[in-house]
Amino acid sequence: MTDTVIQNHEPNYLEYQGRYKGIFSWIFSTDHKRIGLLYLYSMLVLFSVAAILGLLMKIELIAPGKTIMDAQTYNSFFTLHGITMIFLIVVPGLPAVFGNFFLPLMIGAKDVAFPKLNLLSWWIYILGATIALSAQFFGDGPPDTGWTFYAPYSFRTGTNMLPAVTGAFILGFSSIATGLNFIVTIHRMRAPGMTWMKMPLFPWAIYGTSWIQVLATPIVGITLLMIVLERTLQIGFFDPALGGDPILYQHLFWIYSHPAVYIMILPAMGVISEIIPTFARKTIFGYKAIVVSTLAIAFVGYFVWGHHMFTSGMSGTALYTFSILTFLVAIPSAIKIFNWVATLHKASIDIQTPFLWALCFLFVFMIGGLSGMVLGALSANVHLHDTAFVVAHFHFIVFGGTGYAFFGALHYWYPKMFGRMYDKGWANIGLAVFFTGFNTLYLPMFYLGMIGMPRRYYDYVEEFHGPNIVSSFGAMLMISGLVIIITNLVRSARKGEIAEADPWKGKTLEWTIASPPPLENFAEIPVVTKQPYDYE
Amino acid sequence: MSNHTHIDEHRDDEGAKTGMWIFIFTELLLFGGLFIVYSVYRYLNPAAFHLAAEELDTFIGTANTVILLISSMTIAMSISAIQSQNKKLTLILMGITILLAVAFMVNKYFEWSGKIAHGIYPGSPTLMDASQGEILFFGLYYAMTGLHALHIVIGVAFIAYVMRLVVKDEVQHDNFAILENSGLYWHLVDLIWIFLFPLFYLIT
């Protein structure tokens, strides 16, 4: 009797012992779930470091003049903060962690198409991160160009640019490999019966994101390589003294880096599209509209890079065209917002922590999106370019959008990933503190930008003092919120209550299997006959 | 160890080829960035690009083009050979492909070292005295043909690896997706050269 019980017990992915033991069973695992967690842990460590750098910068800005650091340290802090947050966390974040973990589960597959390539992407990620961060510790001082590596300063500065740029270049391969893997997985490995229009919206968002990763990353790869060659060999592409054109660098850089913004936000929108129907107990409003708008964002996102360069020098025609195209991107984003709100209409909503994260997402994402329209308008842009307004805008989008969705996803899928439930009370308190701190931190920066405070300066004139005090106080509050949230999650991974297979009454495939998922996900590959959010 | 069929054993030739095609697309975009830079600077410096292009040896360029085209043919033939279960012929054709690639690199070596002997290389005193257009032309020449040469080396390593699989009978007439993929990659390397050759050697 006991024998049969033991035989029937499928080891879950956390217990399973393969060829390797201990930590090696993780860092050499080709299981998509373990790789997802590897990314999660790497990113939480990097995120904590970069968030503390951000806090230190805000403390520096609490009063005019030198407060705790000098100008050069401040320059290297915002560079490291930007490189870490953008290249190591926000761009790879949602696809690498939740895409890896949940894409195969949601489409009813046993793994991604190329499990070994998947593990290789994580190793490349670690290699790129190590090289990029090593720039801090040796050579001629930490990089000070900002995360955009603008030419010609990036090859004239005496600081240690080479490892930083090379690291970012290497990270591109990780991103491409992940994107390629997901595209093939979605094309080839959907469960029988799951037609494209029966696929849940998070996989759809990952699909759109993967195409951007594959199609845009090589351009920034070659551009960063040109910076490397410029520094080492003097090839002259971006050096005006040798006939090169620094503006060309900006074009090449933003041809990638603007679509990269959609690499950040599309999976975030996918997460919100999963959370909202689950807690509204209702099928999502306008499924097809959301799918089409996802693809529309991915497509139009390619043609708006010029709006980062309105003051760099472009023809009038180019300026108008980029401005109009920028406004066009807002349409599919707005379609999604209306669909989410319409889903909530007359729904019997179960208010739980992940749902609250989704609501906060809607609030901050709208502010971020609408302030983006202000910046997309030519005349306003000339006034606001390179001010604190821009910093506030992209933190509302990148941190407010992607960051909130990341934590929302973590709270939503946590019971599935770890088989345990976090303390919901503390999670809500953490969110409340974080949300208050977030808005106290970034809202004053809109005002500061409008009255003319430039970004990337460690000092400012006395008239900017008041809002800066509020903003720095907000930073401390926000970090306290993050500490509560992360402590609660880390603590609950061992001590939380055992979670059921489907604690939120979700309908997508990942909720049909045990928590934590068994090693091979599905004992039998499911056959899909219904729409993904079938709450009728 | 366990009675699970291991995840890695999942085999999908169609999926593997789809993956390769997407990867090839990213490679084209990687070179695409350099092609954009080339076209911008050619447009801005037509006269200097004309003068600089005349410095290049069209004979070596043509020879290398022919070499790569033939090597593309031999790798394609090796795929037909494996399908007709002729292992020996497959290995010979793959070996010829690698030899041709080596011949390409030898030509490249003589071409580059000739230029360097004349003092033409990025950052050289001779080049720094030349016009800005010529500096950019040779910067592009070294960057683009250099990156292409790196792809040749990667392609050779890839084909050599697949040759080992053929020897060990892990690539056979009913299981040759990886050989096809190495062929696809090799055609990409060839194709990029087909664009580099006229841009640097023929348009003067």
Side-chain angles (χ1 to χ4, degrees), chain A residues 7 10-11 16-19 30-32 109-117 172-173 176-177 179-181 183-185 187-189 210-211 213-223 225-226 229-230 232-245 248 251-252 255-256 519-520, chain B residues 1-41 43-45 48-49 121-124 127-128 130-144 146-147 150:
Chain A
Q7 270 172 11
E10 281 277 322
Y16 174 75
Q17 286 291 337
R19 226 178 325 163
T30 54
D31 181 355
H32 66 101
K110 292 200 170 185
D111 206 313
V112 292
F114 310 114
K116 285 178 188 161
L117 182 68
F173 286 101
I176 291 174
L180 187 156
N181 215 335
I183 294 174
V184 177
T185 307
H187 272 278
R188 303 290 305 167
M189 297 175 73
S210 301
W211 274 112
Q213 283 181 306
V214 163
L215 296 182
T217 316
I219 309 278
V220 82
I222 194 69
T223 310
L225 197 61
M226 286 188 241
L229 293 176
E230 196 79 71
T232 50
L233 299 173
Q234 281 192 292
I235 49 171
F237 294 173
F238 306 127
D239 188 347
L242 302 178
D245 184 357
L248 185 60
H251 278 290
L252 289 170
I255 286 174
Y256 161 76
L519 179 69
E520 304 256 304
Chain B
M1 186 176 60
S2 78
N3 54 357
H4 295 288
T5 42
H6 200 266
I7 299 162
D8 290 354
E9 283 167 18
H10 159 88
R11 187 188 138 194
D12 178 6
D13 290 351
E14 200 60 36
K17 263 194 281 181
T18 313
M20 194 65 199
W21 274 108
I22 297 172
F23 179 68
I24 284 176
F25 216 75
T26 67
E27 289 276 21
L28 287 177
L29 286 164
L30 185 78
F31 277 92
L34 284 165
F35 282 116
I36 291 175
V37 176
Y38 176 93
S39 30
V40 169
Y41 291 136
Y43 175 76
L44 293 175
N45 309 283
F49 268 53
Y121 54 90
S124 74
L127 204 54
M128 288 298 138
S131 72
Q132 293 188 334
E134 282 170 280
I135 296 175
L136 289 171
F137 180 88
F138 283 105
L140 281 162
Y141 167 75
Y142 279 103
M144 292 177 88
L147 188 64
L150 180 68

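Residue numbers start from 1 in every chain, and the chains themselves are labelled A, B, ... in the order their sequence lines are given, proteins ahead of strands.
- Rounding to the nearest 0.5 Å places CD1 of A:Ile176 at 7.5 Å from CG of B:Leu30.
- Counting heavy-atom pairs under 4.5 Å between each of B:Gly139, B:Gly33, B:Gly15, B:Ala48 and chain A puts B:Gly15 at the top.
- Within the 4.5 angstrom heavy-atom criterion, atoms from both the backbone and the side chain of B:Val37 approach chain A.
- Contacts of A:Leu229 with chain B are made by side-chain atoms alone, with heavy-atom separations under 4.5 Å and no backbone atom involved.
- Taking the salt bridge (charged side-chain N to carboxylate O under 4.0 Å, His left out) definition, one finds that A:Asp245 meets it with nothing, sequence neighbours left out.
- Both the backbone and the side chain of A:Leu242 come within contact range of chain B, each with at least one heavy atom under 4.5 Å from a heavy atom of that chain.
- Rounding to the nearest 0.5 angstrom, the gap separating the CD1 atom in B:Ile36 from the NE2 atom in A:His251 is 10.5 Å.
- Contact detail for A:Phe237 and B:Ala143: the closest heavy-atom pair is CZ-CB, 4.0 Å.
- Under the 4.5 Å side-chain criterion, counting only non-hydrogen atoms from C-beta, A:Trp211 is in contact with B:Ile22.
- Rounding to the nearest 0.5 Å gives a distance of 15.0 Å between CD1 of A:Ile183 and CH2 of B:Trp21.
- Note that CZ of A:Phe173 is 8.0 Å distant from OG1 of B:Thr26, once rounded to the nearest 0.5 Å.
- Heavy atoms of A:Leu117 lying under 4.5 Å from chain B are absent altogether.
- Side chain of B:Tyr41 to backbone of A:Gly243: no donor-acceptor contact under 3.5 angstrom is found.
- Residues B:Leu29 and A:Ile219 come closest through the heavy atom pair O-CD1, 3.7 Å.
- For chain B, the nearby part of A:Leu248 is the side chain; its heavy atoms alone come within less than 4.5 Å.
- Atom CE of residue A:Met226 and atom CG of residue B:Leu140 lie 8.5 Å apart, to the nearest 0.5 angstrom.
- For the atom pair B:Leu136 CG and A:Ile235 CD1, the distance stands at 9.0 Å (nearest 0.5 Å).
- Looking at heavy atoms from C-beta onward, A:Leu215 lies in side-chain contact with B:Phe25 at the 4.5 angstrom threshold.
- Contacts between A:Tyr256 and chain B at a heavy-atom distance below 4.5 Å are absent for every atom of the residue.
- With chain B as the partner, the residue from A:Glu230, A:Arg188, A:Gln234 showing the most heavy-atom pairs under 4.5 Å is A:Arg188.
- The greatest number of non-hydrogen atom pairs below 4.5 Å with chain A, out of B:Val40, B:Leu147, B:Leu34, is found for B:Leu34.
- Taking chain B as the reference chain and counting heavy-atom pairs below 4.5 Å, the highest number among A:Asn181, A:Ile255, A:Val214 is found for A:Val214.
- Distance alone, capped at 3.5 Å, is enough to place a donor-acceptor pair between the B:Gln132 side chain and the A:Ala241 backbone.
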